[in-house]
Amino acid sequence: MTTTSTTEQPPVRAEPIVTLRGVSWQTYQALMHDVGDNRAWRIAYDQGIL
């Protein structure tokens, strides 16, 4: 009987992650207005972190 062991690897990200700190809500709203809804990337905002 042969037993194989596998270890889980973290998922590979195809896209880079960029984090910006100190972003105001007004700047976030302006950015969202400028880029619109038809973008190929996701944007999240939480208490000054974009």
Consider only side-chain heavy atoms of I, L, V, M, F, W and Y, link residues closer than 4.5 Å, and tell whether Met32 and Tyr45 are in one cluster.
yes
Sub-4.5 Å side-chain heavy-atom contact between Val23 and Leu31:
no
Between CG of Asp34 and CZ of Arg39, what distance do you get to the nearest 0.5 Å?
11.5 Å
Side-chain contact, heavy-atom cut-off 4.5 Å: Leu50 with Thr27?
no
Answer yes or no: are there more than 12 heavy-atom neighbours, outside Arg21 itself, under 6.0 Å from its atom CZ?
no
Hey, quick one: are Trp41 and Val18 part of the same hydrophobic cluster, counting side-chain heavy atoms closer than 4.5 Å, chains of contacts allowed?
yes
